[in-house]
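Below: one structure, written as structure tokens.
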Amino acid sequence: FASCSLLAYVPVYDYSQTTNTAAMFVSCGRLVSVGAFNTSAALTDISVMFNACGSLRSVGAFTNTASVTTTVSMYGNCFSLVDAPDLNLPMVTTVVTMYSGCQSLINAPAMTFGSVLLNMTSCFFDCVSIRTLPVYNTSSVVNFTSTLANCRSLVTAPAWDLSAATVISSMFAQCASLVTIPAYDF
């Protein structure tokens with residue numbers, strides 16, 4: 001469905017035999033809503049799935065994301081995204097630019113990470129409306145470069161475990177509303 005410029009809605013489908021949905025809806029500029037995903041444990045790659053879907057406002061739930069290893073730019077530049085589903089991602093190693101440019105997202109979804117997550121570079125970069133972030137398991141993350149940069153509405157930094165971090169450059173750059181930062185263990 002990539003670059004289907006007139007596609008606006010996608011109903012609920014059974015994706016239980018699908019292992020890879022990377023770039024499935026990339027650049028569907030008029031896509032507004034996507035129904036739930038009946039996925040299986042075989043699904044491993046959901047990267048750039050909705051990247052550059054500028055009109056996308058909501059995405060239905062995924063039933064099983066336990067084997068997913070990469071979500072790079074899954075929702076990158078989905079400017080209108082207001083509601084993203086919670087995700088269970090115990091095997092994911094990188095969430096680089098996952099929500100980057102989601103300028104309408106106010107609350108980040110809950111995500112369950114395992115101890116293999118290493119890279120959160122620009123995960124929420126330019127999410128200018130985001131106000132709160134849940135506590136995620138970030139105990140194994142080494143790279144937080146620009147993770148929350150330009151989150152101009154963020155008031156309180158999330159209480160994430162930064163003990164494994166080796167790179168935190170620009171993590172909070174241009175967070176103009178930031179008032180409170182927890183005591184991080186670097």
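These numbers were taken from a predicted model, which means no experiment stands behind them.
- Panel note: side chain T63, backbone T39; a donor-acceptor pair is recorded below 3.5 Å.
- Taking the side chain as every heavy atom from C-beta outward, T121 and F144 never approach each other to under 4.5 Å.
- When side chains are defined from C-beta on, S104 does not count as touching L81, because their heavy atoms never get closer than 4.5 Å.
- Residue N150 holds its CG atom at 11.0 Å from OG of S170, rounded to the nearest 0.5 Å.
- Between V116 and P90 there is no side-chain heavy-atom pair separated by less than 4.5 Å.
- Side-chain N or O atoms of N38 include none that pairs as donor or acceptor with a backbone N or O of D14 at under 3.5 Å.
- Within the 4.5 Å cutoff, side-chain heavy atoms of T138 are placed close to those of M120.
- The shortest heavy-atom contact between P109 and P134 is O-CG, 3.7 Å.
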Working for side chain to side chain contact (heavy atoms under 4.5 Å, CB included), residues I106 and V82: CA-CA 7 Å; I106 295 171; V82 175; 5.8 Å; no

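- The one candidate from L105, I130, D126 that meets the side chain to side chain contact (heavy atoms under 4.5 Å, CB included) condition with Y99 is L105.
- Closest heavy-atom contact between S27 and C53: N-SG, 4.2 Å.
- The minimum heavy-atom distance between C28 and S3, with the atom names listed, is SG-N, 4.0 Å.
- Y136 and F124 have parallel rings, their planes meeting at less than 30° on a 0 to 90° scale where 60° marks the start of perpendicular.
- Residue N77 holds its CG atom at 7.5 Å from SG of C102, rounded to the nearest 0.5 Å.
- Taking CZ of F25 as the reference point, atom CE of M74 lies at 10.5 Å (rounded to 0.5 Å).
- The closest donor-acceptor contact from the side chain of S153 to the backbone of V128 lies under 3.5 Å.
- Judged purely by atom type and a 3.5 angstrom limit, W160 has no side-chain atom pairing as donor or acceptor with the backbone of Y184.
- By the rule that hydrophobic residues join a cluster once side-chain heavy atoms approach within less than 4.5 Å of another member, M171 and I181 end up as members of one cluster.
- Using a 4.5 Å heavy-atom cutoff, the side chains of L87 and M98 are in contact.
- No side-chain donor from either of N88 and T65 sits under 3.5 Å from a side-chain acceptor of the other.
- A heavy-atom distance below 4.5 Å is not found between the side chains of T94 and L118.
- By the criterion of side-chain heavy atoms lying less than 4.5 angstrom apart, applied directly or through intervening Ile, Leu, Val, Met, Phe, Trp or Tyr residues, L7 is not grouped with V48; the two fall into different hydrophobic clusters.
- For N64 against A66, the heavy-atom pair with the smallest separation is OD1-N, 3.0 Å.
- One N or O on the side chain of S40 and one on the backbone of A42 form a donor-acceptor pair closer than 3.5 Å.
- Side chain of S140 to backbone of L117: a donor-acceptor contact under 3.5 angstrom is found.
- For the pair S129 (side chain) and Q103 (backbone), a donor-acceptor distance under 3.5 Å is present.
- Applying the ring pair (Phe, Tyr, Trp, His ring centres under 6.0 Å) criterion to F172, with sequence neighbours excluded, gives no partner residue.
- Using a 4.5 Å cut-off on side-chain heavy atoms (C-beta onward), V59 and F37 make contact.
- Residue V72 forms a side chain to side chain contact (heavy atoms under 4.5 Å, CB included) with just one option from T97, V92, D45, and that option is T97.
- Atom OH of Y75 is separated from atom SG of C127 by 12.5 Å, given to the nearest 0.5 angstrom.
- Contact annotation: the side chain of V10 never approaches that of F1 to less than 4.5 Å [non-hydrogen atoms, C-beta and beyond].
- Put simply, SG on C4 and CZ on R30 are 12.5 Å apart, with the number rounded to the nearest 0.5 Å.
- If you chain together hydrophobic residues whose side chains sit under 4.5 Å apart, L154 and I168 fall into the same group.
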Residue pair Y9, V32: steps toward the side chain to side chain contact (heavy atoms under 4.5 Å, CB included) verdict: CA-CA 6 Å; Y9 300 97; V32 175; 4.0 Å; yes

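- Put simply, L89 and Y15 are part of the same group of oily side chains (I, L, V, M, F, W, Y) that touch within less than 4.5 Å, one to the next.
- Put simply, the side chain of N137 gets close to the backbone of S139: a donor and an acceptor are under 3.5 Å apart.
- Without hydrogens or angle criteria, S67 side chain to A41 main chain gives a donor-acceptor distance under 3.5 Å.
- In this structure a side-chain-to-backbone donor-acceptor pair under 3.5 Å is missing from T156 to T180.
- Taking hydrophobic clusters as Ile, Leu, Val, Met, Phe, Trp and Tyr residues chained together by side-chain heavy-atom distances below 4.5 Å, V26 does not share a cluster with L31.
- From N119, atom CG reaches atom OG1 of T145 across 7.5 Å, with rounding to the nearest 0.5 Å.
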